[in-house]
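Contents: one structure, followed by commentary.
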Amino acid sequence: GFVSMLALRAYVMLLAAEASSALMTAASTGTAAALCLMISIVNRGVEAGGGDGVGYGKTILDLVQHYGMLLARCALDPDSPGPLELSAIV
């Protein structure tokens, strides 16, 4: 969310200033670098785990998969089905 907001703001401001294509490329490259740095930081945190010996995986993709499984388990619980959770999966 943050990176998309950053990219959109930079794009709109550069369009309003009628910036050159080289400046637009530099701005998009900087935004992509910020996204890569954020993913790297999250990957390190995921790999380190919660501090209690319980890990969630090695990468952010493992974390997303773990989240999806938990969400599906809560949404499809026969005792207390969660229609909002189910709609979040879809």
Side-chain angles (χ1 to χ4, degrees):
F2 177 73
V3 172
S4 60
M5 181 186 68
L6 180 67
L8 183 62
R9 179 170 173 86
Y11 180 72
V12 168
M13 290 182 72
L14 289 172
L15 277 181
E18 297 178 3
S20 67
S21 62
L23 188 57
M24 295 281 265
T25 303
S28 63
T29 304
T31 303
L35 176 63
C36 289
L37 179 63
M38 288 179 206
I39 290 173
S40 174
I41 291 168
V42 170
N43 267 339
R44 287 183 185 210
V46 169
E47 187 176 11
D52 55 359
V54 178
Y56 301 109
K58 293 288 182 191
T59 66
I60 193 170
L61 297 177
D62 294 333
L63 181 66
V64 170
Q65 180 185 9
H66 183 71
Y67 173 72
M69 289 186 326
L70 289 175
L71 191 60
R73 188 181 314 155
C74 288
L76 302 174
D77 184 15
D79 296 331
S80 173
L84 294 178
E85 287 121 351
L86 189 59
S87 66
I89 295 172
V90 179

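Hydrogens, waters and symmetry mates are skipped; everything else that's a heavy atom, side chains included, is used. Because the structure is predicted, anything quoted here is derived from the model rather than measured.
- Under the 4.5 Å side-chain criterion, counting only non-hydrogen atoms from C-beta, Asp62 is in contact with Gln65.
- Cluster partners of Leu8, by chain and number: Val12. The rule joins Ile, Leu, Val, Met, Phe, Trp and Tyr whenever side-chain heavy atoms lie under 4.5 Å apart.
- For Met24, the CE atom is densely surrounded, since the number of other residues' heavy atoms within 6.0 Å is greater than 12.
- Note that the CZ atom of Arg44 and the OG1 atom of Thr59 stand 14.5 Å from one another [nearest 0.5 Å].
- Sorted by first then second residue, the ring-ring contact (aromatic ring centres under 6.0 Å, His included) pairs that include residues 57-79, not counting sequence neighbours, are Tyr56-His66.
- Between the Thr29 side chain and the Thr25 main chain, a donor and an acceptor come within less than 3.5 Å of each other.
- Distance check: Ser40 OG to Leu35 CG gives 11.0 Å after rounding to the nearest 0.5 Å.
- Linking ILVMFWY residues whenever their side-chain heavy atoms come closer than 4.5 Å, directly or via other members, leaves Met13 and Leu23 in distinct clusters.
- Closest approach of Asn43 and Ile60 over heavy atoms only: OD1-N, 2.6 Å.
- Met5 and Val42 end up in the same hydrophobic cluster when Ile, Leu, Val, Met, Phe, Trp and Tyr side chains are linked at under 4.5 Å.
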